[in-house]
There are 2 protein chains.
Amino acid sequence: MAGLTIKDIARICNVSISTVSRAINNDRGINSQTRERVLQVAKQFGYVPNNSARNLKMAESNTIALMCKGMDNPFFQGMYPYFQQELEKYNYEFLLHSMPEEIDEGYEAEEIAKEKRLKGMIFLGGRLDYPEAVLGNIQVPFVLCSVASAVSVNMTNMNVSSVSIDDEKEAYKVVRYLIRMGHRRIAIIAGKKHDHTVASLRESGYRRAINESGLELDPELIRYLDDSIPEYTEANGYATMKKLLESGTDFTAVFVISDRMATGAYKAIYDSGRKIPRDISVVGFDGIELSRYLYPSLTTVVQPVRKMVKSSVELLRAQIMGDDTKKHLIYDAELSEADSVRSLL
Amino acid sequence: MAGLTIKDIARICNVSISTVSRAINNDRGINSQTRERVLQVAKQFGYVPNNSARNLKMAESNTIALMCKGMDNPFFQGMYPYFQQELEKYNYEFLLHSMPEEIDEGYEAEEIAKEKRLKGMIFLGGRLDYPEAVLGNIQVPFVLCSVASAVSVNMTNMNVSSVSIDDEKEAYKVVRYLIRMGHRRIAIIAGKKHDHTVASLRESGYRRAINESGLELDPELIRYLDDSIPEYTEANGYATMKKLLESGTDFTAVFVISDRMATGAYKAIYDSGRKIPRDISVVGFDGIELSRYLYPSLTTVVQPVRKMVKSSVELLRAQIMGDDTKKHLIYDAELSEADSVRSLL
DNA sequence: ATCCTGATTGGAAACGTTTCCTATCAGAAC
DNA sequence: GTTCTGATAGGAAACGTTTCCAATCAGGAT
């Protein structure tokens, strides 16, 4: 409780507080013997620097906030440990902050940055088209992770770095894959209509694949989420799939734009008495750990989560250290072929 | 970037900084008109208090750390949003901190508390028998959440509050349920042998249920985790179940001590060509969201997560506010009967 | 008119650092 | 011996608050 201060250590070592400060911060301009002695004493007496004082003096904190929209999303949750790990490397604090479902003009991230004296922010998920007001005023370094594909969205000229995959392309690829496997009537469980998240990019990929293959873009096959259920949840995947099945529309495969929703879709299919992939082939998106343990294991687009997190933190770090070149990293995802797709050839 | 200070506001309002401070903190001993005027100006100019300075002066921060062992566990992950929500009520920061797999004498949580100037800590998961050194020296309020059943473990006389369920009892109940359904050869996928987590309590419950029912405690039916695979993961559930199946031991039901592992076990069962619940009945433990979306939906013990989180935070809050009565809350869990158990009657 | 009281306000110290500016000192160069 | 130099150390201000203490003042009691 007592809490030793730099002053105590100074007294014990019979040196000035400036010297102790220099020793602890590994500053130069101090005799290495003195430093050793001070450090030794500090350790022995269990001295711990007071971050508040340090931050006050240095006019900043050491905290990075992870601004998360939909923090109950298993895809994001799978990232937390990685963020923790990467941020730890630089001795950053990790503040988890959830953003409201609806982010509009009224939401100003900068207020939070100021209030918490953040050193940086990482936005995880959220809108592709953040209103100018939301991001435009942020005065601390920040990066967008898994939110924007600079390819598809006009974000390259915003003063911001990002790490993502090319959602449109990957969705395109996975639907093409279904077509190669002989499927012709392919449904999609898409996101909310026009909600400006990656979901809409994935839907675009689907549309392009269908179009380019000369198949029919049947509106009956394109299903948007149920507005009355929390978005992008298992429950919503279940409900939407159920409606699709009950509509009597004919199809042999379905692309569910997230693994989480695919989990719900699986159940709806089973509950209807159908079998995967015998009656319906399913592909997901994200590559959450669970996808390998569903039965049958889910064919899905695996995002390189580890790399994305690492890069996000590195990009942020670079910005904090003064590098002001804005980068947009776009990683390739990988189609993981599992047992949920049947070949019709 | 500038960052207005209390001093600026004072100058603008033509009052002293003490007055501004009083206005902002809603202190008494200030004319209400003055207060209104100051607050109005502060707001207008976008003043944000500097927490570092405040914390320095007040000799504390406003941060609560969630000390999490196994932060990739979906059961815990499901709790994060709730913690966020509850802590927000008191304006606490939410610091997510993962603890190492192996927690022994060498690990001192107090160091972290000191370093980060924590206001409180919540331990999520971890050992039932934390070595004295780990918890014994902690000088800030803390509570254990979902780690200890005060009923089973001699923790009542430690200076600590806790929130949990009675893991032994709940496990007992779920195994009794299997027995009522006519099962006689009931296997268990337990935890690591003697690892002092809730897993061992759940195993005890299993043993008692089997014993009391006059059934045989066949060592062949009691399976511990594979040491070569990360503990308590889907992968480990899969591997352990696979071994059990391949051993040729006869059984009609299996109690998997966590839903996460049950997910892996499901897959192992399917992969072996068996069906749930036709060939093998399965029950899990925890009640993670996913359990309802497995196929067939998993019969499991649902922990009252929402309530547990709320109580943890409230208990912590009470301690912070000076209440030093240590409480041990033990909630009832609920058996959620789903489709993974077949009646043999 | 004087004194006292309570309400309101201002002044200043303190929290634990970092860092600029000086001071000291040993040895090298003269 | 004197002067300069570089290395090392100490002193003190400053960061933005909170809070104790003293000061002011209006109005009621004397």
Side-chain angles (χ1 to χ4, degrees), chain A residues 1-39 41-42 45-63 91 93 113-119, chain B residues 1-39 41-42 45-63 91 93 113-119 139-140:
Chain A
M1 179 110 303
L4 282 191
T5 77
I6 214 178
K7 212 181 271 179
D8 300 311
I9 305 298
R11 197 165 24 72
I12 297 171
C13 292
N14 211 14
V15 296
S16 74
I17 58 172
S18 347
T19 301
V20 177
S21 174
R22 278 188 277 259
I24 287 165
N25 292 6
N26 233 322
D27 277 358
R28 59 207 183 75
I30 180 177
N31 184 288
S32 56
Q33 282 182 28
T34 322
R35 163 183 294 135
E36 285 316 315
R37 189 160 50 91
V38 171
L39 287 183
V41 169
F45 284 78
Y47 165 78
V48 186
N50 181 320
N51 272 320
S52 298
R54 180 175 283 175
N55 292 339
L56 172 58
K57 184 60 193 168
M58 313 276 275
E60 59 175 349
S61 79
N62 218 28
T63 311
N91 245 310
E93 305 290 337
K114 253 201 206 154
E115 198 172 334
K116 319 244 190 225
R117 249 77 190 173
L118 297 178
K119 190 161 209 155
Chain B
M1 177 113 300
L4 282 192
T5 76
I6 213 176
K7 211 181 271 179
D8 300 310
I9 304 298
R11 196 165 24 72
I12 297 172
C13 293
N14 212 13
V15 296
S16 74
I17 58 172
S18 345
T19 302
V20 177
S21 174
R22 279 187 276 257
I24 287 166
N25 293 6
N26 233 320
D27 277 358
R28 59 207 184 76
I30 180 178
N31 183 289
S32 55
Q33 281 181 29
T34 323
R35 163 183 294 134
E36 285 316 316
R37 190 160 51 93
V38 172
L39 287 182
V41 169
F45 285 78
Y47 164 80
V48 186
N50 182 321
N51 272 320
S52 297
R54 179 175 284 175
N55 292 340
L56 171 58
K57 184 59 192 173
M58 314 276 278
E60 59 175 349
S61 78
N62 218 28
T63 311
N91 245 310
E93 305 291 335
K114 255 201 207 154
E115 197 172 335
K116 318 245 191 224
R117 249 79 193 171
L118 296 178
K119 190 161 209 158
Q139 303 289 342
V140 298

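Chain identifiers are assigned alphabetically (A, B, ...) following the order of the sequence lines, protein sequences preceding nucleic acid strands; residue numbering begins at 1 within each chain. Keep in mind it's a predicted model, so treat the numbers as computed, not measured.
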Partner residues of B:Arg11 under the side chain to side chain donor-acceptor pair (under 3.5 Å) criterion, sequence neighbours left out: B:Asp8
Distance in angstrom units between A:Lys7 NZ and C:dA14 P, rounded: 9 Å
Listed partners of B:Asn55 passing side chain to side chain contact (heavy atoms under 4.5 Å, CB included), at least two apart: A:Ser52, B:Asn51, B:Ser61
Considering all heavy atoms, the nearest B:Leu39-B:Ile24 contact: CD2-CA, 4.1 Å
Atom-to-atom span, CG of B:Asn50 to P of C:dT17 - whole angstrom: 16 Å
What's touching nucleotides 23-26 of chain D from the protein side, N or O pairs under 3.5 Å?
none

Residues forming a side chain to side chain donor-acceptor pair (under 3.5 Å) with B:Lys57, sequence neighbours excluded: none
For atom CD1 of B:Ile9 and atom P of C:dG10, their distance in whole Å: 15 Å
DNA chain C: 5'-proximal contact among B:Ser32 and A:Ser52 (nearest heavy atom): B:Ser32
Separation of D:dA7 P from A:Gln33 CD (nearest whole Å): 16 Å
Under the side chain to side chain contact (heavy atoms under 4.5 Å, CB included) test, residues paired with A:Ile30 that sit two or more places apart: A:Thr19, A:Arg22, A:Ala23, A:Thr34, A:Arg35
Nucleotide D:dC15, atom C1' - distance to CG of B:Asn55 in whole Å: 14 Å
Interatomic distance, A:Arg54 atom CZ to A:Asn25 atom CG [nearest 0.5 angstrom]: 5.0 Å
Polar-atom pairs under 3.5 Å, protein N or O versus N or O of nucleotides 18-25 of chain C: list them with distances, or write none.
residue : atom : partner : partner atom : Å
C:dT18  : OP1  : A:Asn25 : OD1          : 3.4
C:dT18  : OP1  : A:Asn25 : ND2          : 2.8
C:dT18  : OP1  : A:Arg54 : NE           : 2.9
C:dT18  : OP1  : A:Arg54 : NH2          : 3.2
C:dT18  : OP2  : A:Ser21 : OG           : 2.6

Distance, nearest 0.5 Å, that separates CG of B:Asn14 from CZ of B:Arg37: 7.5 Å
Rounded distance in Å - CG (A:Asn51) to P (C:dC15): 18 Å
Contact check, side chains of B:Asn50 and B:Thr5, non-hydrogen atoms, under 4.5 Å: no
Set of residues satisfying side chain to side chain donor-acceptor pair (under 3.5 Å) with respect to B:Asp27, sequence neighbours excluded: none
A:Ser16 side chain near D:dG10 phosphate (N/O to OP1/OP2, under 4.0 Å): yes
For atom CZ of B:Arg11 and atom C1' of C:dT9, their distance in whole Å: 19 Å
Shortest non-hydrogen separation from B:Ala10 to B:Val20 and the atoms involved: CA-CG2, 3.5 Å
Axis-to-axis angle between the two ends of the helix from C:dA1-D:dT30 to C:dC30-D:dG1 (five base pairs per end, rounded to 10 degrees): 60°
Value in whole Å for how far the P atom of D:dT8 lies from CZ of A:Arg35: 10 Å
Sugar-phosphate only, base, or nothing, as touched by A:Ile30 at under 4.0 Å among non-hydrogen atoms: sugar-phosphate
Sub-4.5 Å side-chain heavy-atom contact between A:Ile6 and A:Tyr47: yes
Short side-chain N/O contact from B:Thr34 to OP1 or OP2 of C:dT9, under 4.0 Å: yes
